[in-house]
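For reference, the structure is listed below as structure tokens.
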Amino acid sequence: MKKALMILIILSVGFAGGWVASSITPKSGQEKPESTKPSIAKDTERFVDTSSGEGMAPSEMYTELQKRSGKDFDSQYTAYVIVMQNNLTGINRLAKEKAENAELRDKATEMWQYDSQLTSELYALQKRLGYAHH
């Protein structure tokens, strides 16, 4: 339970950090440089699915979640948390395979095992709540 709470806190901090970064706007009369402008569904160079979160940055997910409420929020939240958790699981899998430092590799292995279990639990919760899109 403590580990699940820690993961949810980490994900929440990631969402909040993305929100803060995306909410910083230029001073009046200044235009954002083209490279820093956010792009969601209008971006044709990458696949973005706002319903599942695939292809979205955490800050984009956070922005989309701010627009939601009720069951729509719950459904999007579960979808986005699963995407984030899948990314975290993948990152830890890479670290357990590629990290040079043995202590870091051991910690990544421990986290990967936990992440894999948590991901399965999140999928089961999403299905049980009727929010699974697959």
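Hydrogens, waters and symmetry mates play no part in the numbers below; they use all other heavy atoms, side chains included.
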* To do: Show your reasoning for whether side chain to side chain contact (heavy atoms under 4.5 Å, CB included) applies to L122 and Q126.
  => CA-CA 6 Å; L122 288 168; Q126 183 186 44; over 6 Å; no
* **Flag, side chain of R68 to backbone of D74, donor-acceptor distance under 3.5 Å** => no
* Between S75 and K71, is there a donor-acceptor pair closer than 3.5 Å when you use the side chain of the first and the backbone of the second? -> no
Say whether [X] and [Y] are linked into one hydrophobic cluster, either directly or through other cluster members, by side-chain heavy-atom distances under 4.5 angstrom.
X    : Y    : answer
V83  : Y80  : yes
W112 : L118 : no
F73  : M56  : yes

* **Nearest non-hydrogen partners of S116 and T89, listed with the distance** => OG-CG2, 3.8 Å
* Structure fact -> Nearest heavy-atom approach of R105 to A95 is CG-O, 4.0 Å
Please enumerate all residues that pass side-chain hydrogen bond (donor to acceptor under 3.5 Å, both in side chains) together with [X], with sequence neighbours excluded.
X    : result
Q113 : none
T78  : none
N86  : Y123

* Asked: So does K96 have more than 12 non-hydrogen atoms from other groups sitting under 6.0 Å from NZ?
  -> yes
